[in-house]
Each structure stands twice: as structure tokens, then as C-alpha cells.
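Following: one structure in C-alpha cells, then a few remarks.
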2 protein chains.
Amino acid sequence: MKKTQITIKDIARELNISPSTVSRALKNHPDISQVTKDLVNKYAKDFHYKPNALALSLRTSKNNTIGVIVPEINNYFFSSVLSGIEQIANQADYNVIVCQSGENYEKEVRDTKALISSRVSGVLASLCKHTTNYDHFQDIIDSDIPLVFFDRICIGIITDRVVVDDYAGAFAAVEYLIQSGCKRIAFYSSPFHLEISKNRKNGYLDALRKYGLMVDESLIRVCDTREEAIMITPEILDRPDRPDGFFAINDHCAAGIMYAVKSAKLKVPDDIAIFGFSDGELAKACDPMLSTVEQHGFEMGKNAATLLLDKIDGITHGQYTNKIVKTNLIIRGSTK
Amino acid sequence: MKKTQITIKDIARELNISPSTVSRALKNHPDISQVTKDLVNKYAKDFHYKPNALALSLRTSKNNTIGVIVPEINNYFFSSVLSGIEQIANQADYNVIVCQSGENYEKEVRDTKALISSRVSGVLASLCKHTTNYDHFQDIIDSDIPLVFFDRICIGIITDRVVVDDYAGAFAAVEYLIQSGCKRIAFYSSPFHLEISKNRKNGYLDALRKYGLMVDESLIRVCDTREEAIMITPEILDRPDRPDGFFAINDHCAAGIMYAVKSAKLKVPDDIAIFGFSDGELAKACDPMLSTVEQHGFEMGKNAATLLLDKIDGITHGQYTNKIVKTNLIIRGSTK
DNA sequence: TTGTATGCGTTATCAA
DNA sequence: TTGATAACGCATACAA
């Protein structure tokens with residue numbers, strides 16, 4: 001069994017013809033005689049010739065690979081996005097290199113460097129929670145590599161972006177809570193330097209204002225995990241003026257709230273309604289099932305990848321799109 | 001602003017020295033004078049020189065990239081594995097190319113071809129549900145690319161493998177159900193040509209036998225999604241000899257069973273106990289929380305990546321490991 | 001201490 | 001119809 005990959009040169013040598021002829025025969029060049037073509041193709045097939053994509057990339061300085069930087073692979077929303085990206089990329093014959101920043105700024109910086117070195121055709125990125133300096137992303141752009149942000153975007157850098165309609169989603173969710181009878185609604189958010197947090201908070205605030213409800217700053221908390229929610233919620237439920245509704249920045253957090261509420265012997269949704277954000281796997285597993293804002297991660301991934309490919313192909317040179325993926329409410333049992 | 005990436009040649013030209021000198025200066029070769037080094041490094045830094053990984057790969061025919069073929073990115077278990085792989089790969093300065101077969105055999109075949117063309121240093125793969133022909137994987141091996149299977153392995157190909165201890169996990173789970181009082185236990189499985197299905201079924205059967213319980217073939221069903229479980233379970237619950245325990249091949253399926261059981265006004269775990277497999281995100285969201293077999297996806301990913309890197313480095317040349325990741329039971333509220 | 005030549009696999013250009 | 005050559009970016013054996 002031949003162990004190393006066979007090259008065009010090998011075929012040429014064995015067949016006593018020149019490498020250029022082999023190359024042309026393989027790509028069915030009109031100048032080459034059918035006899036030669038058949039000979040070459042047969043040999044290539046028999047010995048499992050596979051073109052070396054590296055050599056091709058070096059020549060064309062374009063390697064049909066896009067890099068993705070994502071805070072956490074192991075998160076339903078992000079893995080949905082990744083899945084959408086993979087699908088579009090694959091259709092266009094691109095590979096996908098995945099980098100997980102792990103919510104770590106230094107790792108994010110290293111990832112951008114690695115992707116530039118790999119000469120990827122383009123980069124898709126979602127910021128890590130703690131990123132406040134964006135030089136490494138500017139570096140990507142200065143290297144002439146198209147860049148598209150998704151979800152956790154930064155507005156300091158001019159480029160394409162794909163976000164969900166965080167403001168509208170939040171507004172609609174809170175409005176729904178209000179219309180179904182909630183008077184005091186708490187909001188658990190991710191850190192507020194993130195655009196998604198700002199936008200959702202604005203949606204939350206505007207919904208309250210529209211219906212003339214008072215804003216109570218003590219009901220707005222930074223909390224975006226199940227564990228934190230289980231930790232901080234009991235105290236809030238203990239207050240005489242406890243809220244009758246919660247709007248959470250993600251489903252994990254909402255599930256934590258639900259756990260705390262049930263533990264406090266309160267009823268969902270009668271005593272307390274809960275609204276999540278994402279529609280992840282766990283939403284349907286909750287009892288009652290979680291009402292949540294569908295975030296269409298898969299769609300977002302497809303959109304982001306499409307924008308990136310257009311940029312790579314130069315179709316949208318110099319123009320920057322701000323794509324907004326519509327959200328919609330999924331009403332289940334955790335709200336009235 | 002210079003738009004295209006600067007190369008060693010560019011630096012050489014600008015500094016009136018030869019490319020080899022630049023190359024050596026950049027990697028701090030002892031032969032080069034400090035003056036030259038400083039000059040080169042300053043220029044490289046000022047103009048954001050980044051080595052072209054493609055060219056390097058072509059030279060060394062080793063591109064520090066590993067390919068991963070996975071049925072579904074958007075699945076908690078697999079994304080955990082991916083996360084573990086990424087971590088180990090990253091530490092060793094490898095990139096990770098992710099291919100999603102989407103449980104589609106043809107896509108899986110295309111993915112293997114693409115990875116070979118990319119001349120990845122190694123491949124990690126988990127079979128798609130319907131794969132019964134393994135030639136494309138043999139192709140990888142014949143191309144002298146190290147290959148490690150994880151979770152959904154095939155035994156027809158000689159290579160490293162990482163699996164969870166499906167047999168022991170299933171045995172322990174079913175034994176737990178029996179010891180907590182279950183007499184008739186149903187088993188919902190993935191298709192039986194998969195090794196994981198076979199092994200878990202054997203664990204299930206042996207546990208029943210050990211305790212002298214009858215095997216009822218009508219309680220062994222192919223069903224591995226929430227939707228299917230919701231569909232087929234009511235009929236089983238309706239039978240006069242309905243089971244008092246369920247062992248499901250994954251948590252989604254278990255959650256579907258739980259939904260059906262509650263809908264039938266039966267109590268979990270008093271009337272019917274439920275055991276899942278995976279410990280995914282939704283396990284804790286269920287009410288009662290799901291007892292499940294912890295599958296350590298992250299560990300599995302780390303193990304698989306480590307095995308692969310060892311093979312790539314030639315450390316384990318010619319020897320094939322069958323790594324078994326231990327499972328453990330997580331007992332929560334869905335069992336007595 | 002630095003420069004020249006070569007090759008990794010491929011293909012475009014020019015020549016035969 | 002086919003072949004020789006150069007080039008993509010880099011590293012290294014060899015020469016100076």
C-alpha cells in the first residue's frame with residue numbers, strides 16, 4: 001500500500017509525460033488528447049490522487065477557508081450559529097476553522113493572529129464578554145481579510161454585522177408580560193458594555209414606559225447563568241414588593257429563576273411569570289415549558305456566512321450591511 | 001495603508017538584504033548580527049508581518065490543522081466533545097476544521113475527501129447514523145493521515161478509538177432502576193447497527209438478567225428523539241402491563257418520555273422512573289430533574305485529541321488504543 | 001555574517 | 001498536442 005499522497009509529479013514520472021500535461025489532463029483542458037486524458041485519469045484514480053489544497057492556496061493566495069471565533073462552542077445558541085455557518089460555507093466549498101475564545105480576551109487575540117497566519121479567506125466573530133479593545137479585529141481588516149460580526153458585535157469597527165433584533169425582541173417579550181398582567185418585572189442581563197445587553201435593556205425600559213410602569217433599578221441585575229440566578233433570586237422573591245414577572249437574558253438564566261421560584265413555593269406562571277431568550281434545548285424541558293424569544297441562531301449563522309462570502313467574492317466591496325434577524329415570541333406555559 | 005499581507009521578500013527588498021537573512025533574523029538565528037535582527041524585527045513589527053502558514057505547510061507538508069467530522073454540531077454532547085478537542089488542539093498550536101455530516105452519509109464522504117485535500121495533520125470522526133460502508137475512512141488511513149474515532153466508532157477499521165463505557169453506563173443505570181424498585185423497564189435506543197446501541201442494549205439486558213427480570217422485546221424500541229418519544233410512549237403507557245421504568249438512549253428522548261408520562265397523569269418517579277443518558281443542558285431543566293448517565297463529552301474530546309496528536313507526532317506509531325471514558329450515574333429526581 | 005540556490009505541489013505563460 | 005520554466009512564501013544546505 002502506497003503510504004504518502006501521490007502528486008502530479010509522480011503521475012508524470014510514471015507515465016513519462018510532463019507535469020503540466022498531467023495538470024491539464026486532470027482539469028480536462030481542451031488541448032490535451034483524449035488518449036492522454038484517459039491515461040492520466042485512470043492512473044490518478046487507481047492511485048487515489050487528491051489535489052493538494054495547500055499548494056493551490058499558496059498559488060492563488062486564497063484558501064477557501066473561513067475562520068469563526070466564538071465565545072463558547074458548547075452553548076446551544078452558538079452551536080446553532082456554527083451549524084448555519086457550516087452549511088452555507090460547505091455549499092460554497094469552504095472549510096470552517098473554529099476557534100473558541102472561551103470568554104477569554106487573550107485567547108481571542110491569539111485566535112485572530114492564528115487566523116491571519118492561516119490566510120483564511122474571511123472571519124466571522126462574536127465578541128467575548130470581556131473584550132473592550134478591538135485592535136486585533138482591526139488587524140484582520142488591515143490584513144485585507146473580510147470580517148463579519150454576529151450577535152456580540154462591536155460598533156467601533158466598520159464592517160458587516162448580523163444581530164438579532166434584540167431591542168424588538170425584548171420589547172415584545174416585556175410587553176407580553178405586561179399585557180398578561182405583570183406589574184413589576186425584573187430584568188436579568190449580561191454585562192452592560194455588550195450591545196445585546198444595552199439593546200435588550202432599552203427594549204425592556206421602553207416597554208415599561210409605554211405602559212406607564214415604574215422602573216425599579218433594583219430589579220435590573222447582571223446575571224446570565226442558571227447558577228447565578230438560583231443564587232440571587234431567593235432574596236428578590238423574599239422582598240415584600242417582589243416582582244411578578246422576570247425577563248431573562250437567556251434560557252439558562254430563566255430556568256434558574258424558575259427553579260428558585262418553585263423552591264420558594266410560588267407558582268409559575270400564576271404568581272410569577274418568566275420569559276427567556278433564545279429558545280434553546282432546555283426551553284421545552286422546563287415545566288411549565290418556557291416562554292422565550294426565538295433567536296434563530298441557525299438563520300443568523302447562514303446570514304453571517306452569506307454576507308461574508310459576498311464580501312470575499314467582492315460582490316459587496318465597500319458597502320457594509322447591518323443585517324437584523326427578526327425574533328419572534330414563543331409563548332409556552334411559563335407565562336399567562 | 002498597505003492592504004496585502006507583507007512577505008519576507010518585501011522586507012528583504014526594502015532593507016536591501018536577502019530573504020534568507022530576513023528569514024533567519026525573524027527566527028532569531030544565532031548567525032545573524034544583532035543589528036540586522038533589530039532592523040528586521042522593527043520593520044516586521046511596523047508593517048505587521050505575519051508568516052504565511054500556507055507556505056510553511058507546503059514546505060513541511062504538515063499544516064497544524066486537524067479535521068473533525070461530527071454528525072451534528074448543534075447537539076450538547078457533540079459540542080462538548082468539540083470544545084474539548086479545541087482546547088487540546090489549541091494548546092498544541094493546532095487549528096480545528098469542523099465538518100458537520102448532518103447524519104448524511106454522502107456529506108460524510110465529501111467531508112473526508114475535503115479533509116484529505118486540505119492535507120490535515122489528522123482526523124477525528126464520529127460516524128453518522130446511517131454509515132455502513134467505511135471505505136472513505138480507509139481512504140484517510142491510506143493517505144497516511146492519522147484517524148481517531150470517538151463515540152460513534154466503527155470496528156471494521158483498525159485505528160484509535162475513544163468511547164464512553166456504554167455497556168457499564170447502561171448496566172449501572174438499569175441496575176439502579178431495578179434496585180429502586182422497577183420491575184418492568186423499557187429501553188429506547190438508536191438504530192442497532194451502531195456500536196453504542198449494541199453496547200447499551202447489552203448492558204440493559206445483562207442488568208435485567210442479573211436480577212432475574214424477564215426481557216420483553218416489545219419494550220425495546222428504536223426511538224432517540226424527544227418527538228418520537230412523545231409519539232410512541234402514550235401507547236406503551238396505555239398497556240395493562242405498562243412499564244414502571246424507562247431507560248433512554250439520550251436526554252432528549254428521556255425528556256420526551258417524561259412529557260408523555262406527565263400528560264398521562266402518571267407521576268415521575270413514583271409511577272414511572274426515567275433514566276437518561278448524556279447529562280446535557282436540559283437534564284437540570286426537567287422537573288423532576290433527570291437522572292442520567294454522565295457521558296463526559298468534554299473529557300472524551302480531550303482524550304480523542306490527545307490520542308490523535310500522539311499519533312501525529314509518531315509517539316504511538318503502530319499501536320492502537322481503545323480508550324474508554326468512564327461514565328457515572330447522576331441521580332436526580334426522575335428516579336426513586 | 002550574509003547570500004544563492006533549491007524545493008514543497010500546482011498552474012499559467014511561453015515555447016516547441 | 002505537449003514540454004520547460006517560473007512563481008506563490010518560506011526555510012535550509014551550501015557557498016562566499
I need the [atom1]-[atom2] distance between [X] and [N], as an integer number of Å.
| X | N | atom1 | atom2 | answer |
| --- | --- | --- | --- | --- |
| B/His29 | D/dA11 | NE2 | C1' | 11 Å |
| B/Lys62 | D/dA11 | NZ | P | 14 Å |
| B/Lys9 | D/dA11 | NZ | P | 13 Å |
| A/Ile8 | C/dG7 | CD1 | C1' | 16 Å |
| B/Asn16 | C/dT2 | CG | C1' | 14 Å |
| A/Leu58 | C/dG9 | CG | C1' | 9 Å |
| B/Leu56 | C/dG9 | CG | C1' | 15 Å |
| A/Ile6 | C/dG9 | CD1 | P | 12 Å |

Of B/Ala55 and B/Asp31, the one whose closest nucleotide on DNA chain C sits nearer the 5' end is B/Asp31
Assuming nearest nucleotide by heavy-atom distance, tell me which of A/Tyr49 and B/Ser18 is located more 5' along DNA chain C.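 The residue mapped nearer the 5' terminus is B/Ser18.
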When you check the gap from the basic side-chain N to the acidic O, do [X] and [Y] get nearer than 4.0 Å?
| X | Y | answer |
| --- | --- | --- |
| B/Glu86 | A/Lys107 | yes |
| B/Asp38 | B/Lys42 | no |
| B/Lys323 | B/Asp160 | no |

Residues which pass salt bridge (charged side-chain N to carboxylate O under 4.0 Å, His left out) with A/Glu108, listed by chain and number, not counting sequence neighbours: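 Per chain and number, A/Glu108 pairs via salt bridge (charged side-chain N to carboxylate O under 4.0 Å, His left out) with no residue.
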Need the bend value for the helix from C/dT1-D/dA16 to C/dA16-D/dT1: angle between end axes, 5 pairs each end, nearest 10°.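 Roughly 60°, once rounded to the nearest ten degrees.
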Scan side-chain atoms only and decide if [X] and [Y] contain a donor-acceptor pair under the 3.5 Å cut-off.
| X | Y | answer |
| --- | --- | --- |
| B/Ser83 | B/Ser80 | no |
| A/Ser23 | A/Ser20 | no |
| B/Ser118 | A/Asn95 | yes |
| B/Lys62 | B/Asn64 | yes |

Which atom pairs, one a donor and one an acceptor, fall under 3.5 Å between side chains of residues 312-319 of chain A and the rest of the protein, sequence neighbours left out?
none

Just the atom pairs and distances: protein N or O near nucleotides 12-16 of chain D's N or O, under 3.5 Å.
unit_1: D/dA13; atom_1: N6; unit_2: B/Arg24; atom_2: NH1; d: 3.4

Residues two or more places apart in sequence or in another chain: which of them pass ring pair (Phe, Tyr, Trp, His ring centres under 6.0 Å) with A/Phe149? A/Phe137
B/His136 and B/Tyr105: aromatic ring centres closer than 6.0 Å? yes
Sugar-phosphate, base or nothing in reach of B/Leu54, heavy atoms under 4.0 Å: nothing
Which residues, if any, of residues 32-43 of chain B bring a heavy atom under 4.0 Å of DNA chain C?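 Residues of residues 32-43 of chain B that come under 4.0 Å of DNA chain C are, in numerical order, B/Ile32, B/Ser33, B/Thr36.
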